[in-house]
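We use all heavy atoms of the structure for the numbers below, so side chains are in, but hydrogens, waters and symmetry mates are not. Residue numbers run from 1 in the order of the sequence given.
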Amino acid sequence: MPTEEKGTLPAAAVIQLTDYGVLPDSGADAMVPMQRAIEAASRIEGPVMLECQTGRYDFHPEHATRTPYYISNTASEEENPDVTKTIGILFKGMKDIVMEGNGSLFVFHGKQTMIVIDSCENVTISCVHTEYERPTVAEMTIEESGSDYFDVRIHPDFRYELEAGRLYFLGDGWRFREGPMQEYDPVIDKTWRIDNLMEKAVRVEELEPYRLRLHMEAAPNQVVGRVLQVRDGLRDQVGAFILKSRDITWENVGMHFMHGLGIVCQYSENLSFDRLNLAPRPETGRTVAAFADFIHLSGCRGSVSISSSRFIGGHDDPINVHGTHLQIIGTPAPDQLHLQFMHPQSYGFDAFFPDDEIEFVRSSSLAAYAGNVVKAVKAVNPREILLTLSEPAPEGIMPGDVVENITWTPEVEITNNYFARVPTRGVLVTTRRRVVIENNHFERMTMSGVLVADDAESWYESGRVKDIAIRGNRFIECGSSSNPVIYIAPENTEVHADKPVHANIRVEGNYFLTADAAVLGAKSTRQLSFTHNEVSLIGESSAIPDIIRLRACSEVTIADNSFSGGGADHKHIRIQDMKRDTLAVSPEQSLPVIG
């Protein structure tokens with residue numbers, strides 16, 4: 001972590017956490033003292049600092065606040081019927097407050113949403129580290145691999161039990177055997193998803209405490225020294241939740257484990273994350289810091305800045321920025337729309353507000369064909385919303401058409417960050433406003449370094465992109481044969497070059513080191529440029545003949561790039577569903593166009 005400095009909000013009053021009944025490093029439950037300190041801060045007019053003496057504070061769930069919250073991209077009704085969150089630290093309806101940790105470590109016991117900022121303004125979280133006493137992603141290191149078995153050493157932070165030859169991990173209020181598993185190779189510092197070997201084991205026996213043998217039906221072919229990471233997959237809590245708030249700052253914060261989903265920002269505006277350390281604490285010896293995404297923004301607006309931070313050891317995408325498409329299932333009146341949340345894991349939250357602008361979108365082409373303004377909103381049930389519009393809905397609404405709230409779309413800057421040990425993508429972003437992804441380092445993302453999607457038939461994550469600059473980044477061995485390093489991949493099924501989904505994407509001045517992944521893949525994009533990039537190829541020359549793949553794109557420029565190593569002379573650009581005269585390639589690159 002960089003040198004820690006106190007939050008910048010000038011405070012007219014200071015509230016000391018120790019004055020409310022808890023001392024650092026005492027092992028006492030800090031939950032009630034923290035609640036009392038926040039209550040005292042809420043009664044003060046003007047800026048206030050809630051300050052913690054440096055040390056460790058433990059937060060147990062017995063006295064936590066329990067409040068229902070519908071949170072995007074978490075769990076379906078079937079997976080988790082009760083949306084109540086167990087909240088460690090709750091700021092609700094507050095203004096002008098700094099929580100100053102002075103480098104303290106907050107340790108949470110059981111499953112908890114560690115911090116919630118609900119309906120607040122001008123809040124800063126500064127110089128605090130958060131951790132789980134017993135993380136919900138268990139870890140074990142492979143120590144021996146035989147003909148039909150392999151031995152593992154369970155990390156001492158995790159509890160386990162054997163029942164009828166089956167291995168279960170357990171903690172305060174949770175127990176699991178089935179769920180997603182990943183494998184981590186500390187030699188190359190890379191993780192990827194695998195089948196759950198706990199489920200596949202014929203029998204598990206204990207050789208000694210914390211050393212187990214997993215008997216398999218066939219040779220497991222496990223490599224000694226690699227780490228298996230396993231979780232149950234239920235996103236019933238999140239790391240932190242920012243809801244209907246504005247001007248929120250996180251600075252010099254370490255989030256060393258987050259359960260369920262990471263820091264989720266929902267219908268909030270003007271958010272800044274600076275010098276975050278989202279990685280395991282080295283002294284724990286653990287390799288996982290997040291159960292899923294690190295920072296997830298759903299339906300936000302204003303400016304979003306994520307800078308000078310470390311994203312290491314997550315089980316899903318470090319940064320995901322998107323809105324939500326809701327499907328039109330009826331028009332009860334000429335000026336009304338009956339809408340439905342479509343993805344099982346995103347529903348129940350307020351997705352529209354009076355005076356919001358909306359667009360009508362064809363699900364097949366992802367093309368917008370009309371706009372309107374929201375006059376009134378009524379929740380029919382957690383899955384359905386009734387909108388009253390300022391003007392009649394357009395003619396020609398078709399089955400499957402969706403609506404996007406275009407008021408709640410942010411400008412985004414992602415700069416000077418480090419991404420590593422992630423099994424998925426580095427950055428996902430779909431917003432129509434200005435996006436800058438600059439001077440970041442992406443290390444061995446198993447999938448794409450940057451993904452621009454947009455869909456109305458799977459995750460229903462909106463929307464179209466109109467202005468993205470991806471520049472000055474380093475992409476080290478990211479991607480795969482099916483996942484280009486930079487991937488512009490809207491999920492439209494109606495594909496025509498004259499009906500683009502995205503526009504104005506510039507990839508410039510980046511460095512790519514790649515073995516088996518195309519550096520750029522793009523579909524249904526107009527005004528796309530790939531310029532002044534340096535590409536170093538390693539491995540067999542036949543691994544990636546299509547160094548750039550384009551489908552149904554137009555107004556494309558590929559110029560002034562350098563390609564070296566790995567049979568660079570045999571690389572080419574492959575095009576599909578587009579005319580060659582819509583593509584300008586400068587000759588010095590020696591990149592033939594095929595297709």
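Applying the side-chain hydrogen bond (donor to acceptor under 3.5 Å, both in side chains) rule to His215 yields the partners Arg203, Glu205; only residues at least two apart in sequence or on another chain are considered. Scored by the side-chain hydrogen bond (donor to acceptor under 3.5 Å, both in side chains) test, Asp455 finds Ser458 as partners (sequence neighbours excluded).
Cation-pi contact between Arg175 and Phe169: absent, since separation from the ring centre below 6.0 Å together with deviation from the ring axis within 45° is not met. For the pair Arg36 and Tyr20, the NZ or CZ position fails the cation-pi test of under 6.0 Å to the six-membered ring centre and within 45 degrees of the ring normal.
The aromatic ring centroids of Phe475 and Tyr511 lie 6.0 Å or more from each other. Remark: aromatic rings of Tyr132 and Phe257 are close, center separation under 6.0 Å. Ring pair Tyr418/His441: centre-to-centre distance below 6.0 Å.
When only modelled atom types and interatomic distance are considered, Asp274 and Ser272 share no side-chain donor-acceptor pair under 3.5 Å. For the residue pair Glu438 / Asn416, no side-chain donor-acceptor distance below 3.5 Å is found, with atom types taken as modelled. Side-chain contact of Gln16 with Asp19: a donor-acceptor pair under 3.5 Å is absent, judged by distance alone. For the residue pair Asn102 / Glu51, a side-chain donor-acceptor distance below 3.5 Å is found, with atom types taken as modelled.
A salt bridge (Lys or Arg N to Asp or Glu O under 4.0 Å) check over residues 410-419, counting only residues at least two apart or in different chains, returns the pairs Glu411-Arg434, Glu413-Arg434. Pairs engaging residues 192-214 under the ring-ring contact (aromatic ring centres under 6.0 Å, His included) rule: Tyr160-Tyr210 [sequence neighbours left out]. Pairs passing the side chain to side chain donor-acceptor pair (under 3.5 Å) check and including a residue from residues 257-269, sequence neighbours excluded, read Thr136-His259, Asp236-His259, Glu269-Arg301. Applying the salt bridge (Lys or Arg N to Asp or Glu O under 4.0 Å) test to every pair with at least one member in residues 59-70, sequence neighbours left out, gives no pairs at all.
Expressed to the nearest 0.5 Å, how far CG of Asp29 lies from NE2 of His60 amounts to 5.0 Å.
Between Lys92 and Asp118, at least one side-chain N (NZ, or NE/NH1/NH2) sits under 4.0 Å from a carboxylate O, which counts as a salt bridge.
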